[in-house]
Protein chains: 2
Amino acid sequence: MVSVTENTEQKIIDAACKVFILKGMDGARMQEIADEAGINKALLHYYFRSKNKLFDRVFVEIFSGITTLLSEVVSNSTDIVELIDNMIHNYIHLISERPFVPDFVLHELNRNPQLIVEQIKLNGIDFSKFQQLIINAVTQNKIRPINPIHLVVNILSMCIFPFVAKPIIMGFMLNGDEDKYQHFIDERTEHVTTFIKNSLFINPAEK
Amino acid sequence: MVSVTENTEQKIIDAACKVFILKGMDGARMQEIADEAGINKALLHYYFRSKNKLFDRVFVEIFSGITTLLSEVVSNSTDIVELIDNMIHNYIHLISERPFVPDFVLHELNRNPQLIVEQIKLNGIDFSKFQQLIINAVTQNKIRPINPIHLVVNILSMCIFPFVAKPIIMGFMLNGDEDKYQHFIDERTEHVTTFIKNSLFINPAEK
DNA sequence: ATTTGTTTTAACTGTTTGGTTAAATCGAAT
DNA sequence: ATTCGATTTAACCAAACAGTTAAAACAAAT
C-alpha cells in the first residue's frame, strides 16, 4: 500500500514540475496541476496542503538536479581542462533535455531570493575546490591570470543564456527557424569549449 | 490641458514599468500599479482599458530601450574592436541602471514568444551589418574564424547573465555579500572585454 | 467482516482580482 | 456662466482561484 502513495506523490510532483516550469509560481494553477497528474484537486491538497508547500518541494527537486551535476563535475575533474570540458558538456546536455528549467529557476530566484538560502543548506557546493583548480592553473602558468568567479560566470553564462534567450536568438538572428536554432544548440558545446580555451591559453598548442 | 493627460499617462507607464518588471505580468496587480502611480483604479482603466493593453504598451517601451541601444552601437561602430568595446560597455551600463529588466524581458518572452514578432516589426535591428563587421574581421585575418551568431550570443550572455543570476552568484560565490557583488559588476565590463579579445585575437598585441 | 488509508465526487467558502458604473468634483478653456 | 475632459469616490459585478468539507466508494491488509 505504500507503493500506491509514493506513486501518486511522484505523479503529483512530476505534474507540478511540468506546470510550474512552464507557467511559474504565479501563473500556475492548482487545478491544472491536478489535471496534469490525473487526479482531483481534493487529493492534491490531501498530499500537499498548500500551493506554497508544493512549490517549495518542486523547487528543491529541480534545483538540486542542477547543483548535483555541478558537484559531480567538480569532484570528477582533476585539472582545469577536464573541468572546463566536463562542465560545458554536461551543463548544455542537461539543459537541452529540459530547456525551460533555467528561466524558471532564475525567475523564481529573483522573485524570492531567500529560496537560495535553503538550497545552499541542502546542496552545499564546495566552490572552494572549484576556485582552487583555477588558481592552480594560473600559478602553474598554464592559463592567463583570471578571477575564478568571472571565469565560472563566463562558463555558466555561455551555457545557460542561449536557452533563456531562445526567443530573442530565433527572432532576431535565425528568422524564426526552429531547425536553425537546434543546429545552433548542437554546435554550442564545441564552440563554447574552444572559445573559452582560446581565451585562457596563451599557447594554443597546450589545449 | 493636453499636458495633464500626457503627464498622467506617463505617470501610469512609469508605475506600470516598475511593477511589471518587479512582479511580472502574472504577479502584477492593477491596484498596485494605480497606487504606484498615485491614482485610482478607475482612472487606470480610463487610460488603458485592460491589463493586457497596458502590459503590451509597457513591454514595447522597455524592450525598445534595449534594441535601440543595440542599433546605435552597431551604427556607431566601424570595426570589430569598436563594436566589442561599445557593445559590452553600453550594455552593462544600461542594465546596471535597471538590473531587473533582463529577467523580466526574458521571462515574458518565454511566456509568450509571439511578443517578439511585434518587437521585430517595431525595432528591426539590421543584424546583417553586425554579421558583416565580424565577417570582415575574419576574412582580413584580424581575428580567428568564428560564427558571428555564436560571438554575439557569447557577448550578450556574459553581459546579461550576471544580472539575471545575481541570487546564484551572491549565494554560492560571494557569501551573500552585496558589496562584493557590486564590486564584481564594476569589474565586469573590463573583464568581459579582455576575455573576449583574448579569445578572438591570435596575437594579443593587436588589441 | 472489519478496519484503514486512499481516492473520488461535488458542493461550498472566502478572498482576490480585473473590470465596470454612475454620480460627483475639479480645472481650464470658450 | 457654461462646457468638456480629467479625476475621484465608492460601490459593485463576475470570474478565477486556493483551500475546505463531508460523504461515499474503493482497495488492500488484518
Side-chain angles (χ1 to χ4, degrees), chain A residues 1-62 104 107-108 111-112 114-115 118, chain B residues 1-62 104 107-108 111-112 114-115 118:
Chain A
M1 186 172 268
V2 180
S3 65
V4 179
T5 299
E6 284 177 8
N7 214 358
T8 301
E9 191 172 322
Q10 194 56 49
K11 255 167 43 188
I12 292 175
I13 290 178
D14 290 346
C17 275
K18 193 170 171 181
V19 176
F20 275 132
I21 286 173
L22 285 177
K23 307 279 180 90
M25 168 68 177
D26 289 330
R29 300 290 160 237
M30 291 298 268
Q31 185 61 59
E32 196 181 346
I33 293 173
D35 292 345
E36 181 73 33
I39 59 170
N40 49 41
K41 216 175 48 167
L43 191 61
L44 185 58
H45 280 92
Y46 177 75
Y47 275 86
F48 297 90
R49 251 174 270 173
S50 73
K51 189 183 181 184
N52 276 315
K53 284 186 171 52
L54 178 57
F55 176 83
D56 286 346
R57 174 67 179 277
V58 161
F59 191 83
V60 170
E61 200 99 345
I62 295 171
F104 167 74
H107 184 67
E108 297 304 332
R111 207 181 55 91
N112 178 13
Q114 257 202 301
L115 276 174
E118 304 169 38
Chain B
M1 188 171 265
V2 180
S3 66
V4 178
T5 297
E6 283 177 10
N7 215 0
T8 301
E9 192 172 322
Q10 195 55 49
K11 254 167 45 186
I12 291 176
I13 290 177
D14 290 346
C17 274
K18 192 169 173 184
V19 175
F20 275 131
I21 286 173
L22 284 177
K23 307 280 179 89
M25 167 69 175
D26 289 331
R29 301 289 159 237
M30 292 298 269
Q31 185 60 58
E32 196 181 346
I33 293 172
D35 292 344
E36 181 73 35
I39 60 170
N40 49 38
K41 217 174 47 166
L43 191 61
L44 184 58
H45 281 92
Y46 177 77
Y47 274 87
F48 297 89
R49 251 175 268 172
S50 72
K51 190 183 181 181
N52 275 316
K53 284 187 170 53
L54 178 57
F55 175 84
D56 285 347
R57 175 66 179 278
V58 160
F59 191 83
V60 170
E61 199 98 346
I62 294 171
F104 166 74
H107 184 68
E108 297 303 333
R111 205 180 57 90
N112 179 12
Q114 259 201 301
L115 276 174
E118 303 169 40

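To find a chain, count down the sequence lines: A is the first, B the second, and so on, and within it residues start at 1.
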>> Just to verify, what does A:Asp35 make a salt bridge (Lys or Arg N to Asp or Glu O under 4.0 Å) with, not counting sequence neighbours?
In response: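 A:Asp35: no salt bridge (Lys or Arg N to Asp or Glu O under 4.0 Å) contacts found.
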> Looking at residues at least two apart in the chain, or sitting in another chain, which of them share a salt bridge (Lys or Arg N to Asp or Glu O under 4.0 Å) with A:Lys18?
Replying inline: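 Salt bridge (Lys or Arg N to Asp or Glu O under 4.0 Å) check on A:Lys18 returns A:Glu36.
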Round to a whole Å and report the spacing from [atom1] of [X] to [atom2] of [N].
X	N	atom1	atom2	value
B:Asn7	D:dT7	CG	P	9 Å
A:Leu43	D:dT20	CG	P	14 Å
B:Leu54	C:dT17	CG	C1'	15 Å
A:Asn40	C:dT6	CG	C1'	11 Å
B:Ile33	C:dT16	CD1	C1'	15 Å

>> If you compare every side-chain N and O of B:Tyr46 against the phosphate oxygens of D:dG5 (OP1, OP2), does one of them come in below 4.0 Å?
In response: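 So the side-chain polar atoms of B:Tyr46 never come under 4.0 Å of the phosphate oxygens OP1 or OP2 of D:dG5.
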> Is the distance from OP1 or OP2 of D:dA6 to the nearest side-chain N or O of B:Thr8 less than 4.0 Å?
Replying inline: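 For D:dA6, OP1/OP2 do not have a side-chain N/O of B:Thr8 under 4.0 Å.
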> Between B:Phe55 and B:Phe20, is the gap from one ring center to the other below 6.0 Å?
Replying inline: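 Ring-ring flag for B:Phe55/B:Phe20: true, centres closer than 6.0 Å.
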Please produce a list of atom pairs where a protein N or O lies less than 3.5 Å from an N or O of nucleotides 18-21 of chain C.
from	atom 1	to	atom 2	distance (Å)
C:dG18	OP1	B:Ala28	O	3.4
C:dG18	OP1	B:Arg29	NH1	3.3
C:dG18	OP1	B:Lys51	NZ	3.2
C:dG18	OP2	B:Met30	N	3.2
C:dG19	OP2	B:Lys51	N	2.6
C:dG19	N7	B:Lys41	NZ	3.2
C:dG19	O6	B:Lys41	NZ	2.6

> Shortest non-hydrogen contact from A:Met30 to A:Leu44?
Replying inline: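 A:Met30 and A:Leu44 have their closest heavy atoms at O-CD2, 3.3 Å.
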> What closest approach, in Å, do B:Ile33 and B:Ile12 show between heavy atoms, and which atom pair accounts for it?
Replying inline: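 In this case the closest contact between B:Ile33 and B:Ile12 is CG2-O, 4.4 Å.
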> With distance as the sole test, does B:Glu9 use its side chain to make a donor-acceptor pair with the main-chain N or O of B:Tyr47 at under 3.5 Å?
Replying inline: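 No, the answer is negative, given that no donor and acceptor are paired below the 3.5 Å cut-off.
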